Trainee: 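Just dropping this structure here.
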There are 2 protein chains.
Amino acid sequence: MDKTSAKTHAKRALLELREKIINGEFAGGQRLYEVALAEALDVSRTPVREAMSRLAEEGLLERASGGGFVVRSFTVADVIDAIELRGVLEGTVVRVAAERGVDDKALAPVRQTLIDLDKCFGETVEDVDFPLYSELNARFHDQLSGLAGSAILARELERAKSLPFASPSAFVPSGNEPRAFNVSLAIAQSQHRALVDAIAAREGARAESIAREHARIARGNLNYLLGQDAAGLERMPGHGLLVD
Amino acid sequence: MDKTSAKTHAKRALLELREKIINGEFAGGQRLYEVALAEALDVSRTPVREAMSRLAEEGLLERASGGGFVVRSFTVADVIDAIELRGVLEGTVVRVAAERGVDDKALAPVRQTLIDLDKCFGETVEDVDFPLYSELNARFHDQLSGLAGSAILARELERAKSLPFASPSAFVPSGNEPRAFNVSLAIAQSQHRALVDAIAAREGARAESIAREHARIARGNLNYLLGQDAAGLERMPGHGLLVD
DNA sequence: GGTCTTATCCATGTATACATCCCTCTGTTC
DNA sequence: GAACAGAGGGATGTATACATGGATAAGACC
């Protein structure tokens, strides 16, 4: 959706503000002033307040004690915990899905995504269709959310994934990465298959532990980026939210 | 805090609306209209919008697709899942706390709460100080949240506990309950002790599984209430949010 | 009689004027 | 020189008038 064509001013303000925050145009911890933003976005304070309120729901802003909003800031430790949380919640969803049972009909689209994901891998380790993998990976994880048939669990998992660096596709390499980075994609895909098998076999504990380990790939990739120069970490989605 | 003395109209509206929702004055799924609420609360639409936005953050309201808010509604299955979620998140916090280590100084106030909780139990099974137990139990669980030293995990756990029926003290009996109900309090307290021991011994897996099992007591008590007549379920906090 | 169109109403969206509160800076007094 | 008081400015809080858009009902035409 083109952000300039959003139906209401509040929606447009929401899209623009979210983009600015994620792109790091505001420093983590920085306070946002209604009047200044209203002028910058060329709307009145009312839709700005509405947008900021929604961003607080998303977890990108925090309400300040004396009123107003500040950009939420994250340390590297927070990023690690957010990834851990996502893994725990995905693990819970797939465990519960396995325990309660998922019929083949509901599992079919997930299996189709697995087949599509396989097609991202070519003859050699270097030959990977990164953009397609990233898209299909996101689809796979989205499909997982609903498998437990629990709106409560799905909702909180979606919430956990909404932080840009906690998204399942946050650390998918963009190409020309070290060999080990590419190999991790093949490992991830084998975990995808094992996960679906465990759900189908109603092996809840296995499904849960695979999901948690799967999220650890993201943490590993984060650690790799941390070992690079400063420019490396800047490739992390939402790196502008980092402080320290 | 007296709700009539809140600093701003928005805060007062928030307190009053939250109370009305939890007490079931609005049916689950019912749409809330700004103008009607503004008149009922004797403020303008602006603070009402502000309050509703915060209630949406809390999870008591949902934003409707075409704008506006509806009271979030829960089925019994949702209540079960919310309790499960709380157990999973508490489990994660205590596991991570155990893995990362908690020094004695940080654990001391938790141990003090354990000692205080013991004092709630008298000579006989029937002799339990319910109000005090409920208060101290809430304190114990609040203290757990911070043990992992993770703001991210603590925040999401607090969020999960904010649904009235998912709170750790939601199903603490109020007195004159069947013997089995009272016994469950003693079991819960023994789990409290085992939990703290596991954290101190850095036994993450044990701590996690105890926390999950501990949450199951709430589910058991819910099932007990479901087996009673209709009046039984009405003693569940937030029963007004239930549909079906 | 059915369907399409139009008018009206009601709810939220938006802008804006004004209120209020807090913080800061300055000036005066002891 | 220090401390308190008052003034001023800037931020959010609030009320309200008006805009907009969707749903619904009524009426007219086929």
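Quantities reported herein were computed from a predicted structural model and do not represent experimental measurements.
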Trainee: Taking only N and O in the side chain of A:R49, is any of them less than 4.0 Å away from OP1 or OP2 of D:dG13?
Mentor: yes

Trainee: Please state how far atom CD in A:E39 lies from atom P in D:dT12, giving the value in whole angstrom units.
Mentor: 12 Å

Trainee: Within this structure, what is the CG-CZ distance for the pair B:L226 and B:R219, rounded to the nearest 0.5 Å?
Mentor: 11.0 Å

Trainee: For A:D42, is the CG atom crowded, meaning more than 12 foreign heavy atoms sit under 6.0 Å from it?
Mentor: no

Trainee: Hey, are B:R54 and B:E58 close enough for a salt bridge, meaning a charged N less than 4.0 Å from a carboxylate O?
Mentor: no

Trainee: Looking at the rings of B:F165 and B:F171, which for Trp means the six-membered one, are their centres under 6.0 Å apart?
Mentor: no

Trainee: Which nucleotide in the set C:dA15, D:dT14, C:dT12 lies at the smallest distance from any side-chain heavy atom of B:P47?
Mentor: D:dT14

Trainee: Taking for each residue the nucleotide of DNA chain D with the nearest heavy atom, is it A:G66 or A:T46 whose nucleotide lies nearer the 5' end?
Mentor: A:G66

Trainee: Are B:R139 and B:D142 side-chain neighbours, meaning at least one heavy-atom pair lies under 4.5 Å?
Mentor: no

Trainee: Rounded to whole Å, please give me the gap between CG in B:L14 and P in D:dG13.
Mentor: 13 Å

Trainee: Starting at CG of A:L32 and ending at P of D:dA11, how long is that distance when rounded to a whole Å?
Mentor: 13 Å

Trainee: Between P on C:dT16 and CG on A:D42, what's the gap in Å once rounded to a whole number?
Mentor: 10 Å

Trainee: Any side-chain N or O of A:S44 under 4.0 Å from OP1/OP2 of C:dA15?
Mentor: yes

Trainee: In whole Å, I'd like the distance from the CD atom of B:E50 to the C1' atom of D:dA15.
Mentor: 15 Å

Trainee: Does a side-chain N or O from A:H9 land closer than 4.0 Å to OP1 or OP2 of D:dT20, or not?
Mentor: no

Trainee: Without decimals, in angstroms, what is the distance between A:R54 CZ and C:dT12 C1'?
Mentor: 12 Å

Trainee: Would you mind reading off the distance between B:R45 atom CZ and D:dT14 atom P, rounded to a whole angstrom?
Mentor: 15 Å

Trainee: Would you mind classifying the nucleic acid contact of A:R63 as base, sugar-phosphate or nothing, using non-hydrogen atoms under 4.0 angstrom?
Mentor: nothing

Trainee: Starting at CZ of A:F69 and ending at P of D:dA11, how long is that distance when rounded to a whole Å?
Mentor: 16 Å

